Engineer: 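Structure in structure tokens, see below.
Below, chains carry the letters A, B, ... as their sequence lines are ordered, and counting in each starts from 1. Values below: every heavy atom of this structure, side chains too, minus hydrogens, waters and symmetry copies. Remember, it's a predicted structure, so these values are computed and weren't measured experimentally.
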Amino acid sequence: MDDILAVLNPAQREAVEAPDGHVLVVAGPGSGKTRVLTHRVGYLTERSGISPYRIMAVTFTNRAAREMKERLHGLLGYQILREITIGTFHAICVRILRREADHLPYDRDFAIYDQGDQVSLIRQCLRELNLDDSDFSPRSIQNSISRAKSQMIGPTEYVPARYEHEAVARVYRRYQRLLLENNALDFDDLLMVTVQLLRGNKEVLDKYQRQYQHILVDEFQDTNVSQYAILKLLAGGHGNLFVVGDEDQSIYAWRGADFRNVERFRGDYKDVKVILLEQNYRSTQTILDAAHNVISRNVQRVPKKLWTENDPGSPVTSLEAYDEQEEAQYVLDEIERLIAEDGYSSGNLAVMYRTNAQSRALEEVFVRGGVPYKLVGATRFYERREIKDALAYLRVIHNPRDGVSLRRIINVPRRSIGRKTIDQLELWAESQGVSLFEAMQMLRQHEDAPVGGRGRTSLLGFLELLEELIAVRRELGVLELLDLVLDLTGYGSYVRDGSDEGEERWENINELRGVAREYSSLPLEESLTTFLEEVALVSEVDNLEEQAQAPCLLTLHMAKGLEFPVVFIVGLEEGVLPHQRSMETPEELEEERRLFYVGITRAKDRLFLLHTFRRALFGRDELSEPSRFLADIPSELLQGQELGEPPSLPTAASDTTRFQDGDRVRHPQFGKGVVLNSKALGDDEEVTVIFRSVGIKRCLVGLAGMEKA
DNA sequence: GTGGCCCCCATTTTT
DNA sequence: TGGGGGCCAC
């Protein structure tokens, strides 16, 4: 144990050895917070003699949970992992909810609805309420409901803030009822219902309070109201709540995360011990200085400053490219140079951007250059159609009341159950107050049901198939069950239709089979439940191998928690970062700034910041202005220039004009611009120029005194 | 019931 | 500029 403590710096050690009670560790990027968390567990078990069974460690991502398990394994051995509870909020809540299902209106096999499922269900609500989904976007209703739930505002408490939210209130009530009928919980329910359970059942609460004597929380700034409520409830008895977080890295406010929880935490308990981890082990001093200058402009933060014993390192490179193609080309050239000359391996490099759409230009250039890359999280595996379909079959088998999944596959592959038949069945099910599946079963006895002749036969055939699969679900492992589904339902051959696309989709199914295989060692009873649960709660970054052997392309959001020796951040322009839609309020702007800060602090030794002169946006060419955040970095930390000549464009270049399409110019009044067009006019020359300051202008070269820039 | 066309839209997405 | 979803026509 002394060895374990010896590797810590004084602040880390103070955190690890903090006495019982409420502890807030403010941990800047690269300050070793995972180390503090794992060593704290070691300290509690080895030094204080706490049983690992009494410890809960909560993270936000499965990746963080896995990393923590690996580190604990290395530090304390395998045995501890069998007893300690480590997982995401959602995973831990699911476990509690399944175990306590008797206290809930849901049964143990409940489904977990992701955002796509939620939107489907909301569409259904809108239909049933005769609301037009063109007036009310299902997506935005989903968002409103999600927000309400993350603050534990239930359907009956929901008060529409504005007139437009009137519909949300009506949908919310129905939506929540339908979830119950479907025996399903959405992501937000996993938290909200857990709060309700713990609040409503003294014995249940006591049980978990007694079990979990020590609760440790990672990324505390990302908790929302209901997550914080869960923590307060669970720690209510003993008060041993150890949270680690950094307000400066809060980038999920738009999803309900509320970093003011950090302040609340300090206010809610009198005994909070606050420890600052300011020594950074990741980046060069130059990178940290740049980061500091950016983040310190934020008003809503507790002042702190990272320092490091690392070398000052190279200056940050900042430059302007002509457009996004040139920007991408620069990145690629530089990447090749870094590999060839500076000894970096391709997996050391990352390119980050604000929006996924920005990956396109990069990808095109990489593909053209024949350079492999890893695009993180663009089309997510579990959102692929074939994967959702295959899973929908398994979900219906697992929980036949899951109407969203049933509807998804009822006619996939085609089995002559058309729109009309489904509508009839849906209406009838509703009038009988039963689920779709039950309605199908009732069709057998009810000759008079208002469900069409041919459709009826098809439905009964499909029902038999499902019942057959349900009957064997506890006798087969997930893989066998999946294979049986693919075979009996014809979905396998439906996907493999001979086309290339079909082959690709089959490959994806095969990948899913590979995942299913991993669950084969579990007892058959739990195999399907566990599989569906984990598959519902994974994300894309979870599968990002630590060292991919190719440069990573990823959004700034996805970069959180990662680090790379070399980082490129592209598109540092007003409207892109900060994003156009996040410039309205100071709060949004501060979050954009934090996002930039997160990006900067991912870099270990080299950082490149790029912006363009003009950028194609939605097919339109727009002049871009350098991001205001760039101006926050003192010039002595920067090196760089505008890139050389703009790419020569394949236009009819005339020798009679001095200026040509694509030339950069400087106008005494309008400043910098790029020539769009030029033609001789008398003994002068008329040029059309797009200026950064004023947009497109036509002027005479001689008269204006324009110069090549 | 299905396929094709047209129109609309366009951040970020730990679970 | 490109993709996805809804509607209309066969």
Side-chain angles (χ1 to χ4, degrees), chain A residues 58-65 87-94 112-119 123 132-134 137-139 142-143 146 149-150 185-191 218-224 226-227 249-257 324 352-358 360-361 364 376-380 382-383 385 411 414-422 452 454-455 458 533-542 544 554-562 571 575-583 588 591-592 594-596 598-599 615-622:
Chain A
V58 196
T59 64
F60 272 82
T61 64
N62 295 300
R63 182 161 54 84
T88 63
F89 272 102
H90 292 82
I92 289 173
C93 287
V94 169
I112 299 167
Y113 279 1
D114 67 15
Q115 189 173 311
D117 302 321
Q118 294 173 45
V119 169
R123 283 222 165 85
D132 190 343
D133 65 4
S134 53
S137 111
R139 232 354 238 83
Q142 188 269 325
N143 197 40
S146 174
K149 285 188 177 181
S150 72
L185 283 84
D186 66 22
F187 280 156
D188 304 297
D189 279 340
L190 297 179
L191 308 172
D218 191 15
E219 305 276 19
F220 183 66
Q221 78 283 351
D222 285 337
T223 49
N224 63 28
S226 57
Q227 285 161 333
Q249 294 183 70
S250 162
I251 54 173
Y252 285 102
W254 52 276
R255 292 185 67 195
E324 65 266 32
M352 302 173 186
Y353 36 80
R354 174 69 236 261
T355 67
N356 282 307
Q358 290 172 259
R360 167 171 270 130
E364 280 170 6
V376 183
T379 36
R380 318 172 90 216
Y382 288 102
E383 272 162 32
R385 197 168 77 224
N411 198 35
R414 303 264 128 82
R415 43 177 81 89
S416 337
I417 303 176
R419 178 67 194 259
K420 205 168 138 216
T421 309
I422 298 172
R454 194 156 59 104
S458 313
E533 182 174 306
E534 293 191 11
V535 144
L537 298 177
V538 294
S539 81
E540 205 67 15
V541 255
D542 293 340
L544 181 71
L554 72 177
T555 62
L556 289 161
H557 281 92
M558 279 185 302
K560 185 159 149 211
L562 303 174
V576 180
L577 181 68
H579 194 272
Q580 195 63 46
R581 288 170 71 155
S582 300
M583 291 172 48
E588 287 175 320
E591 180 148 315
E592 294 291 298
R594 291 192 292 267
L595 195 50
F596 184 35
V598 165
R615 175 177 297 274
L617 258 146
F618 307 138
R620 303 171 69 86
D621 250 345
E622 307 258 333

Engineer: For A/Q358 and C/dG2, what is the distance between atoms CD and C1' respectively, to the nearest whole Å?
Structural biologist: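 One finds 16 Å between C1' of C/dG2 and CD of A/Q358, rounded.
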Engineer: For a 4.5 angstrom cut-off between non-hydrogen side-chain atoms, does A/K149 reach A/S226?
Structural biologist: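 The answer is no, as the side chains (C-beta and beyond) never meet within the 4.5 Å cut-off.
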Engineer: Report the residues that fulfil salt bridge (Lys or Arg N to Asp or Glu O under 4.0 Å) with A/E219, sequence neighbours left out, ordered by chain and then residue number.
Structural biologist: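 Once residues adjacent in sequence are excluded, the partners of A/E219 under the salt bridge (Lys or Arg N to Asp or Glu O under 4.0 Å) criterion are A/K33, A/K560.
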Engineer: Determine: side-chain N/O of A/N356 to OP1/OP2 of B/dA10, distance under 4.0 Å, yes or no.
Structural biologist: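 Negative; the distance criterion is not met.
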Engineer: Quick one: does A/H90's side chain have a donor or acceptor within less than 3.5 Å of a partner on A/L190's backbone?
Structural biologist: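 Looks like no, no N/O pair under 3.5 Å.
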Engineer: Is any side-chain heavy atom of A/E588 closer than 4.5 Å to one of A/R581?
Structural biologist: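 When only atoms from C-beta onward are counted, A/E588 and A/R581 do not touch, as no gap falls below 4.5 Å.
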Engineer: Under 5.5 Å centre to centre and under 30° between planes: does that hold for A/H579 and the six-membered base ring of B/dT11?
Structural biologist: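 Yes.
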Engineer: In this structure, how many angstroms lie between the P atom of B/dT13 and the CG atom of A/D114, rounded?
Structural biologist: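 The distance from CG of A/D114 to P of B/dT13 comes to 15 Å, rounded to the nearest Å.
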Engineer: Quick one: do A/R354 and A/E592 make a salt bridge, cutoff under 4.0 Å?
Structural biologist: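 Salt bridge flag = yes for A/E592 with A/R354.
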Engineer: Contact class for A/T59 vs. all strands (heavy atom < 4.0 Å): base, sugar-phosphate, or nothing?
Structural biologist: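 Nothing, no heavy atom under 4.0 Å.
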Engineer: For A/R139, report the nucleic acid contact type (base, sugar-phosphate, nothing); a contact means any heavy atom under 4.0 Å.
Structural biologist: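 Base, at least one base heavy atom under 4.0 Å.
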Engineer: With a 3.5 Å cut-off and just heavy-atom distances, do the side chain of A/R581 and the base of B/dT11 make a donor-acceptor pair?
Structural biologist: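 Looking at the base of B/dT11, it does not pair with any donor or acceptor on the side chain of A/R581 (distance under 3.5 Å).
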Engineer: Under 5.5 Å between ring centres and under 30° between planes: does that hold for A/W254 against the base of B/dT12?
Structural biologist: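 Aromatic stack with B/dT12 present for A/W254.
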Engineer: Evaluate the side-chain proximity of A/D117 to A/D186: yes if any heavy-atom separation is below 4.5 Å, no if none is.
Structural biologist: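 A/D186 does not reach A/D117 side chain to side chain.
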Engineer: Just the rounded figure in Å: distance from P of B/dT13 to CD1 of A/I251.
Structural biologist: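 Those two atoms, CD1 and P, are 9 Å apart.
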Engineer: Can you tell me how far C1' of B/dC9 sits from CZ of A/R620, to the nearest Å?
Structural biologist: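 Rounded to the whole Å, the gap is 15 Å.
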Engineer: What pairs of nitrogen or oxygen atoms, one from the protein and one from nucleotides 1-6 of chain B, lie under 3.5 Å apart?
Structural biologist:
| unit_1 | atom_1 | unit_2 | atom_2 | d |
| --- | --- | --- | --- | --- |
| B/dG1 | OP1 | A/G418 | N | 3.2 |
| B/dG1 | OP2 | A/R419 | N | 3.0 |
| B/dT2 | OP1 | A/R414 | NE | 3.2 |
| B/dT2 | OP2 | A/R414 | NE | 3.3 |

Engineer: Is it the case that C/dT1 (base atoms only) and A/R360 (side chain only) share a donor and an acceptor within less than 3.5 Å, ignoring hydrogens and angles?
Structural biologist: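 For A/R360, whose side chain was compared with the base of C/dT1, there is no donor-acceptor pair (under 3.5 Å).
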Engineer: Report the distance from atom CG of A/N62 to atom C1' of B/dT15, rounded to the nearest whole Å.
Structural biologist: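 Computing the A/N62:CG to B/dT15:C1' distance gives 8 Å.
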Engineer: Looking only at side-chain atoms of A/R123, point me to the closest of C/dG6, B/dT11, B/dT15.
Structural biologist: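 Selected nucleotide (nearest to the side chain): C/dG6.
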Engineer: Answer whether the closest heavy-atom distance between the side chains of A/L554 and A/L562 falls below 4.5 Å.
Structural biologist: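 In contact.
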